[in-house]
Amino acid sequence: EPEVTQTPSHQVTQMGQEVILRCVPISNHLYFYWYRQILGQKVEFLVSFYNNEISEKSEIFDDQFSVERPDGSNFTLKIRSTKLEDSAMYFCASNEVLAGYGYTFGSGTRLTVV
Amino acid sequence: GENVEQHPSTLSVQEGDSAVIKCTYSDSASNYFPWYKQELGKRPQLIIDIRSNVGEKKDQRIAVTLNKTAKHFSLHITETQPEDSAVYFCAASNSNSGYALNFGKGTSLLVTP
C-alpha cells in the first residue's frame with residue numbers, strides 16, 4: 001500500500017533556529033497538508049497546498065511558517081525561527097482528490113525545540 | 001470556523017463491553033465525519049467515516065451514527081478487545097475550508113482484560 005514518507009522521524013533544534021521538515025506524498029496525489037499535534041493534545045490543521053500554492057491555512061500558520069514543493073516529489077514545511085511552543089509532532093498528509101475522505105497521513109516528525 | 005467537541009476524554013471498559021464516544025460539531029456545512037485511532041507515538045489511522053447523506057455505517061465491530069439535525073455523531077465499538085486501547089479522534093470537514101480536518105480533543109480508551 002502506498003505510504004506518505006516523512007523525514008526525519010525526530011529532530012531536535014535550538015530555539016531560534018530554522019528547521020525544514022520533509023515529506024514525500026503518494027505519487028498520484030495532488031493535495032498536500034501539514035498538521036501538528038502538541039503532546040497529549042488534538043491534531044490541528046496548519047496548511048493545505050495544491051497546484052503549487054497554499055489553498056487554505058489556519059491561524060497557527062503565521063509568517064514563521066512556509067511550505068514548498070521544490071521538486072516533483074517532496075513537500076516541505078519550514079519553520080523560520082523556532083520557539084519552544086513549536087515542539088510537537090508534525091504530520092504530513094496527501095490526498096488524491098479535494099475531499100475530506102481519502103487522506104493518508106505520514107508517520108510524523110517529532111520536533112523538539114530546546 | 002468549525003468547532004468539534006468530543007466526550008468523554010477518557011473511557012475505561014472491560015473486555016467484551018461496548019464503548020461509545022460522542023462528538024458534536026458547530027458548522028452545519030460540515031459533510032464528512034471520519035474517526036481516527038491513534039496508538040502511542042504513531043500516526044492517526046482512519047477506522048471508519050460517514051458522509052452527511054448517511055445516518056449510520058457499520059464495519060464489523062465498529063459503527064458510526066450521524067444526526068445532522070442535532071449536529072452530533074458517535075462511534076460505537078462492540079465486543080471491545082485490549083487491542084482497541086488507543087486514543088480515538090473524531091473530525092469534521094467541509095468544502096468551505098478546503099476539506100481541512102477539524103479534530104476533536106480525543107478520547108483515551110482503555111480496555112481491560
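Each chain gets a letter, A, B and so on, in the order the sequences are listed, and its residues count up from 1.
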Nearest non-hydrogen partners of A:Cys92 and A:Phe75, listed with the distance: SG-CD2, 4.0 Å

Taking every non-hydrogen atom, the tightest pair across B:Ala19 and B:Val13: CB-CG1, 4.4 Å

Interface moiety of B:Pro34 toward chain A, non-hydrogen atoms closer than 4.5 Å: neither

Residue part contacting chain A, namely of B:Leu46, when any heavy atom lies under 4.5 Å: neither

Side-chain donor-acceptor pair present, A:Asp71, A:Ser73, cut-off under 3.5 Å: yes

Which atom of A:Ile60 lies closest to which atom of A:Phe65, heavy atoms considered: O-CE1, 3.4 Å

Partner chain B: residue of A:Gly106, A:Gly40, A:Gly108, A:Ala93 with the largest heavy-atom pair count (under 4.5 Å): A:Gly106

For the student: nearest non-hydrogen atoms of B:Pro8 and B:Leu11, plus distance: CG-CB, 4.0 Å

For chain A against chain B, print all donor and acceptor atom pairs separated by less than 3.5 Å.
{"residue": "A:Tyr35", "atom": "OH", "partner": "B:Leu101", "partner atom": "N", "Å": "2.8"}
{"residue": "A:Gln37", "atom": "OE1", "partner": "B:Gln38", "partner atom": "NE2", "Å": "2.8"}
{"residue": "A:Gln37", "atom": "NE2", "partner": "B:Gln38", "partner atom": "OE1", "Å": "2.9"}
{"residue": "A:Tyr103", "atom": "OH", "partner": "B:Tyr99", "partner atom": "O", "Å": "2.9"}
{"residue": "A:Phe105", "atom": "O", "partner": "B:Arg43", "partner atom": "NH1", "Å": "2.9"}

Minimum heavy-atom distance B:Val4-B:Ala92, with the two atoms named: CG2-CB, 3.9 Å

Hphob cluster co-occupancy, A:Met89 + B:Phe89, side-chain heavy atoms under 4.5 angstrom: yes

Min side-chain heavy-atom separation B:Ile77-B:Leu109 under 4.5 Å: yes

Which atoms of A:Val97 approach chain B - backbone, side chain, both or neither, heavy atom under 4.5 Å: neither

